[in-house]
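Below, chain A is the first sequence line, B the second, and so on; all start at residue 1.
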Protein chains: 2
Amino acid sequence: MFRQGDAARAVFNVLDGEVRLARFGEHGEELVLQRARPGDFFAEASLDSGRYHCNAIASEEATLLEIPAAALRELLDTDARFARQWVALLARQLRNARARLERLSLGGAAQRVRHYLVTEGRGPEFEVALTGSLKDLAKELGLAHETLYRTLARMKESGELERKGAALKLKTRRQRV
Amino acid sequence: MFRQGDAARAVFNVLDGEVRLARFGEHGEELVLQRARPGDFFAEASLDSGRYHCNAIASEEATLLEIPAAALRELLDTDARFARQWVALLARQLRNARARLERLSLGGAAQRVRHYLVTEGRGPEFEVALTGSLKDLAKELGLAHETLYRTLARMKESGELERKGAALKLKTRRQRV
DNA sequence: CGTCGCATTGATATCGCTCAAATCCGGTGG
DNA sequence: CCACCGGATTTGAGCGATATCAATGCGACG
């Protein structure tokens, strides 16, 4: 859709499909900043800065709603209800980014997995339905995929984790150490 | 000022001093999410969610402006200019959080230091004036402080980095590998 | 002068990354 | 229906970077 450094012309809303927001390291490795799924906005943070700060990649066929920057500014200025929702949206994304920040600062693969389940999971057992592959999850957690496989296997063996197809559950409460 | 889990009553603005926004791990280690300095707002993201998501700690004497949640909502609804600035503030913080996210996802201490200098530094040599101690910087970079010392020493020895008191500069351009 | 915290350096252990190989699985084409 | 292919998954082995533990110097501050 656009590349890092382009002038920010518009904000987008995903109607259908999925778009990855990513940056690329020196060696071509991809860092996913955000995965925008139907209903999500993206490039919201670039609006005020004039340039896009990452690359938008449609991994599959996707339908997008493109909102020109000028139109958005107009909306923000005139529609108070919209402005309030926009603020709520930014705040939500900010909290999400900070949760990931906290996760990445954890030492130890198992801790990251636990943190992921506790923050993203639902219900008393912190159940998470995997959307993509485990390799994708490994990227999200900042781990090599082999490490994630091994960590999941070890946690499953110790009874701390349960896997049913694409669902992950935390079985035991986090222990006092 | 407040603790994680408290009901979010207000947003704050630092007039003087410094406030750390942090969470604590199981073993008491501190994770700094944000350092609010004079002019900065904090707890902006908690407003919509009802509860604070981290602890606010005044590391030194600080003067704060407390803005009750109701007042802020009122402002957002009535003052379009304020709402626009508030959106810009959130967007800035979001970009900042994502930059840190990108940094933490880098492997290798030297890469993180470079990323820090390139994103936070000013001018052609990416000069950064250290505000706190190197231990604080180490936390920000997600490194043990010993590792940061060693990394800085190695980079200085190789001529890539220069240190003058509290200022850090990148001397050579990042090389193609 | 004693203490405290930061800065620095050394030694060691550990954990996760890298390289490698085997298996599985879904899809594709014959 | 079967052979084949690519990507994900899984397991193994070894290495290297970082965390951890430890000791010392140094400056500020009481």
Side-chain angles (χ1 to χ4, degrees), chain A residues 18 20 25-32 35 57 59-61 103-116 128-158 160-168 177, chain B residues 18 20 25-32 35 57 59-61 103-116 128-158 160-168 177:
Chain A
E18 179 173 313
R20 290 198 314 274
E26 308 176 53
H27 305 303
E29 72 279 16
E30 184 182 5
L31 167 69
V32 179
R35 280 166 51 195
I57 302 147
S59 33
E60 43 180 289
E61 193 86 13
R103 193 178 303 143
L104 280 188
S105 82
L106 291 174
Q111 295 222 354
R112 294 201 192 162
V113 173
R114 281 188 210 108
H115 187 278
Y116 178 78
V128 169
L130 296 179
T131 60
S133 67
L134 285 181
K135 288 182 75 166
D136 294 337
L137 179 58
K139 255 183 235 160
E140 159 92 16
L141 297 180
L143 298 171
H145 58 279
E146 297 98 323
T147 305
L148 178 60
Y149 292 136
R150 281 189 253 263
T151 305
L152 290 179
R154 220 171 301 132
M155 290 173 78
K156 197 161 47 176
E157 190 183 0
S158 78
E160 184 178 3
L161 185 78
E162 188 171 308
R163 258 184 88 180
K164 277 185 188 169
L168 294 181
V177 189
Chain B
E18 178 174 314
R20 289 197 314 274
E26 311 175 50
H27 305 305
E29 72 279 16
E30 183 181 7
L31 167 69
V32 178
R35 280 166 50 195
I57 302 147
S59 31
E60 39 181 293
E61 194 87 12
R103 193 177 303 144
L104 280 189
S105 82
L106 292 175
Q111 295 221 354
R112 294 201 191 161
V113 172
R114 282 188 211 108
H115 186 280
Y116 179 79
V128 169
L130 296 180
T131 60
S133 67
L134 285 181
K135 289 182 73 167
D136 292 339
L137 178 59
K139 255 183 231 161
E140 160 91 16
L141 297 179
L143 298 171
H145 58 279
E146 298 97 324
T147 305
L148 178 60
Y149 294 136
R150 283 188 253 262
T151 305
L152 289 179
R154 221 171 300 132
M155 292 174 77
K156 197 163 43 176
E157 189 183 0
S158 78
E160 184 179 2
L161 186 78
E162 189 172 305
R163 259 185 88 180
K164 276 185 189 168
L168 293 181
V177 190

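Atom CG of A/L152 sits about 10.5 Å away from atom CD of A/E160, to the nearest 0.5 Å. The distance from the CZ atom of A/R150 to the CE atom of A/M155 is 16.0 Å, given to the nearest 0.5 Å. Separating the NE2 atom in B/H115 from the CG atom in B/L141 is a distance of 10.5 Å, to the nearest 0.5 Å. Here CG of A/L104 is found 8.0 Å from CD of A/E140. Values are rounded to the nearest 0.5 Å. One distance of note links CG of A/L148 with NZ of A/K135; it measures 12.0 Å at 0.5 Å rounding. Taking CD of A/Q111 as the start and CZ of A/R103 as the end, the distance is 13.0 Å to the nearest 0.5 Å.
Atom CG of A/L106 is separated from atom C1' of C/dC15 by 15 Å (rounded to the nearest Å). The distance between atom CG of A/L141 and atom P of C/dG16, rounded to the nearest whole Å, is 12 Å. When rounded to the nearest whole Å, the span between CG of B/L134 and P of C/dC6 equals 11 Å. Summarising the geometry, the separation between CZ on B/R154 and C1' on C/dG10 is reported as 13 Å, rounded to the nearest angstrom. Rounded to an integer number of Å, the gap from B/K139 NZ to C/dA7 P is 11 Å. Computed from coordinates, the A/K156 NZ to D/dT10 C1' distance equals 10 Å when rounded to whole Å. C/dT18 atom P lies 12 Å from atom NZ of A/K135, rounded to whole Å.
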Atom pairs under 3.5 Å, N or O on each side, protein against nucleotides 23-30 of chain D: can you list them with distances?
none

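Although no hydrogens or angles enter the test, the distance criterion places a donor-acceptor pair under 3.5 Å between the side chain of A/R112 and the main chain of A/L106.
As judged by a 4.0 angstrom heavy-atom cut-off over every strand, A/R163 is placed among residues touching the sugar-phosphate backbone only. Among the atoms of the strands shown, none is found under 4.0 Å from any heavy atom of A/G107.
For the pair B/A109 and B/T147, the tightest heavy-atom approach, listed with the atom from each and the gap, is CB-CG2, 4.0 Å.
Taking the screw axis at each terminus of the helix from C/dC1-D/dG30 to C/dG30-D/dC1 from five consecutive base pairs, the angle between the two is 40° to within rounding of 10 degrees.
Within the 4.5 Å cutoff, no side-chain heavy atoms of A/L168 are placed close to those of A/V113.
Against DNA chain D, the stretch residues 142-151 of chain B makes heavy-atom approaches under 4.0 Å through B/G142, B/L143, B/A144, B/E146, B/T147, B/R150.
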